[in-house]
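What follows is a single structure, written as structure tokens, with notes after it.
Start at 1 and go down the list; that is how both ligands and their atoms are numbered.
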Amino acid sequence: MQEAAFRALGIKAFYLPFEVRPGEFRRLMAKTKRLLLDGFNVTVPYKERVLRYLDRLSPEARSIGAVNTVVRDAKGWQGFNTDEAGFLDSLVAEGRFRPRGKTVLVLGAGGSARAVAYGLARQGARRIILANRTLTKARRIVSRYQKLFPRVQWESRTLKEKWCDTGTISLVVNATSVGLRSDDPALISPREFPRRTLFVDLIYQPSETRLLRLARRSGHRTLNGMGMLLCQGARAFQLWTGRKAPVAVMRKTLQSEVS
Ligand code: ATR
């Protein structure tokens with residue numbers, strides 16, 4: 001997707017994967033400034049850990065506490081979070097969903113969930129429920145975001161709780177890694193939600209997780225993570241190159257690469 005965009009605009013650049021084991025991350029980060037890198041993306045599970053190696057953070061990245069895009073500038077590495085805006089771009093354009101005044105449920109409390117919850121709060125969601133396997137992690141996010149967005153009604157829950165008050169929820173976002181494997185379960189039952197709730201899964205491969213399949217069969221609207229992947233990538237491209245991303249080219253490449 002990124003290399004297709006570079007080619008389309010005649011930019012001589014490569015986008016290379018660096019697969020790093022947890023024990024090697026620090027050593028790689030210590031080397032990055034000496035490498036011929038103008039920028040990079042960071043993904044699972046390093047989006048939070050990378051912060052300590054950066055020289056500056058954008059206001060969003062600082063508030064969210066997670067970085068997925070890094071740009072070299074005169075002062076060193078600057079960290080951004082394009083997941084948040086990329087999620088919103090996709091939610092509005094493809095999901096035709098506007099968060100203002102809505103009640104939403106976010107599953108997860110990792111870097112992705114933080115970006116999603118921040119975006120929904122920034123767009124004026126009325127009530128945001130964070131449900132996570134480890135309750136303390138959801139609580140930590142809620143207490144941080146309560147200070148940033150005091151008008152939002154924040155709640156934290158475990159995934160085991162019974163969902164008896166789903167009536168007002170109009171959006172459910174899976175921001176956990178559950179669903180990546182085809183035999184993964186759905187963390188909640190879509191049948192318990194009002195018809196036409198929008199179910200979003202940030203996972204794009206498989207293109208339909210069990211959660212989205214059950215949601216579709218229950219008559220809900222569904223959206224996978226492909227749109228967010230594209231939109232966060234387009235925003236990263238703009239940060240690295242200062243040029244408008246050729247989104248159509250990027251979408252086409254992505255669709256042909258991800259089956
Ligand atoms: P990311 O950067 O994509 O958010 P992450 O920070 O590793 O990745 O977060 C992964 C999320 O998936 C977490 O919310 C995690 O729950 P815990 O905080 O309890 O670890 C969730 N997750 C991973 N495996 C899970 C499982 N088997 N059941 C429920 N939640 C799971």
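- Between the side chains of Y118 and N81, not a single donor N or O lies within less than 3.5 Å of an accepting N or O.
- Remark: minimum distance from atom 1 (P) of ligand 1 to any protein heavy atom is reached at S112 OG, 3.4 Å.
- With respect to atom 23 (C) of ligand 1, the closest heavy atom belonging to the protein is S177 OG, 3.3 Å.
- Atom CZ of residue F14 and atom CD of residue Q2 lie 14.5 Å apart, to the nearest 0.5 angstrom.
- Each of the following atoms of ligand 1 lies closer than 4.0 Å to a heavy atom of K137: 17 (P), 18 (O), 20 (O).
- Stacking of R72 on the aromatic ring of W77 is recorded, both the 6.0 Å distance cut-off and the 45° axial limit being met.
- Judged by the 6.0 Å distance and 45° axis criteria, K12 is not positioned over the aromatic ring of F6.
- Between F193 and F199, the ring centre distance stays below 6.0 Å.
- A donor atom on one side chain and an acceptor atom on the other are found under 3.5 Å apart for N68 and Q232.
- Between V44, I203, L202, V178, it is V178 that holds the heavy atom closest to atom 28 (N) of ligand 1.
- In the vicinity of E48, heavy-atom distances shorter than 4.0 Å reach the ligand 1 atoms 6 (O).
- Nearest to atom 21 (C) of ligand 1 among the protein's heavy atoms is T176 CB, 3.7 Å.
- Remark: ligand 1 and A113 share no N or O pair separated by less than 3.5 Å (distance only, no angle test).
- The shortest separation from a heavy atom of R114 to ligand 1 is not under 4.0 Å, leaving the residue out of contact.
- Among protein heavy atoms, the minimum distance from atom 13 (C) of ligand 1 is reached at N132 OD1, 3.9 Å.
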* To do: Begin with the C-alpha distance, continue with both residues' side-chain angles, and end with the deciding distance and a verdict on salt bridge (charged side-chain N to carboxylate O under 4.0 Å, His left out) for K75 and D73.
  => CA-CA 5 Å; K75 293 191 180 129; D73 66 14; over 6 Å; no

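- The contact set between ligand 1 and G108, taken as ligand atoms under 4.0 Å from a residue heavy atom, comprises 14 (O).
- Here the protein heavy atom with the shortest distance to atom 2 (O) of ligand 1 is G111 N, 3.6 Å.
- Side-chain contact between R114 and E48 is present, with heavy atoms from C-beta onward closer than 4.5 Å.
- For atom 5 (P) of ligand 1, the closest heavy atom belonging to the protein is G110 CA, 4.0 Å.
- For a threshold of 3.5 Å applied to N or O pairs, the pair formed by A109 and ligand 1 contains at least one separation below that value.
- Residues N224 and S207 bring no donor and acceptor atom of their side chains to less than 3.5 Å of each other.
- Ring geometry for Y15 against W240 counts as tilted: the plane angle lies between 30° and 60°, on a 0 to 90° scale.
- Considering only non-hydrogen protein atoms, atom 27 (N) of ligand 1 sits nearest to R133 NH1, 3.4 Å.
- T134 OG1, 2.4 Å is the protein heavy atom nearest to atom 19 (O) of ligand 1.
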